[in-house]
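Only one structure is covered here, and it is reproduced in the block below.
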Amino acid sequence: MVERLGADAFIGELCNGFCLLMDVEKGLITYESLRRNTLVLGLEEMRDEEIVCMLAEGDLDGDGALNQMEFCILMFRLSPGLMDRSKRCMDEMVIDENNHVASLS
């Protein structure tokens with residue numbers, strides 16, 4: 001997906017996903033907001049315990065909810081191939097930048 005969208009667009013899509021799932025008043029993905037959105041995700045049969053486990057897996061600060069950074073980290077962790085592709089994209093950007101700087105010299 002990173003290759004198809006590019007790094008910036010991919011991060012934008014993650015942010016859109018976060019906004020879709022979050023509790024608007026709290027600015028966090030909470031148990032309640034995730035439960036409400038299981039239909040959107042096609043996960044209407046998901047059990048309460050599974051939702052709690054999903055939140056716990058990404059909850060780095062222990063508040064029982066996911067902020068945007070925790071959500072993005074979780075999405076990357078759950079998709080190991082994303083990190084490899086992101087690193088390749090970053091390497092290509094650095095090479096392109098170095099070539100551009102060299103051509104100016």
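- Note: Arg47 CZ to Arg35 CZ = 10.5 Å, rounded to the nearest 0.5 Å.
- In this structure, Glu45 has no side-chain hydrogen bond (donor to acceptor under 3.5 Å, both in side chains) partners at least two apart in sequence or on a different chain.
- Note on residues 57-68: no pairs pass side-chain hydrogen bond (donor to acceptor under 3.5 Å, both in side chains), not counting sequence neighbours.
- The distance from the CE atom of Met54 to the CD atom of Glu49 is 14.0 Å, given to the nearest 0.5 Å.
- The side chain to side chain contact (heavy atoms under 4.5 Å, CB included) search around Leu20 returns Val40, not counting sequence neighbours.
- In this structure, Leu21 CG and Thr38 OG1 are separated by 10.5 Å, a value rounded to the nearest 0.5 Å.
- Residues passing the side-chain hydrogen bond (donor to acceptor under 3.5 Å, both in side chains) test with Arg36, sequence neighbours excluded: none.
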Which donor-acceptor pairs under 3.5 Å do side chains of residues 25-32 form with protein atoms, sequence neighbours excluded?
{"unit_1": "Thr30", "atom_1": "OG1", "unit_2": "Glu32", "atom_2": "N", "d": "3.4"}
{"unit_1": "Thr30", "atom_1": "OG1", "unit_2": "Ser33", "atom_2": "N", "d": "3.0"}
{"unit_1": "Thr30", "atom_1": "OG1", "unit_2": "Ser33", "atom_2": "OG", "d": "3.3"}
{"unit_1": "Tyr31", "atom_1": "OH", "unit_2": "Asp48", "atom_2": "OD1", "d": "2.7"}
{"unit_1": "Tyr31", "atom_1": "OH", "unit_2": "Asp48", "atom_2": "OD2", "d": "3.4"}

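- Membership of the apolar cluster around Met69 extends to Leu60, Ile73, as traced through chained side-chain contacts below 4.5 Å between ILVMFWY residues.
- Taking 4.5 Å as the limit, every side-chain heavy atom of Leu43 sits out of range of all side-chain heavy atoms of Ile51.
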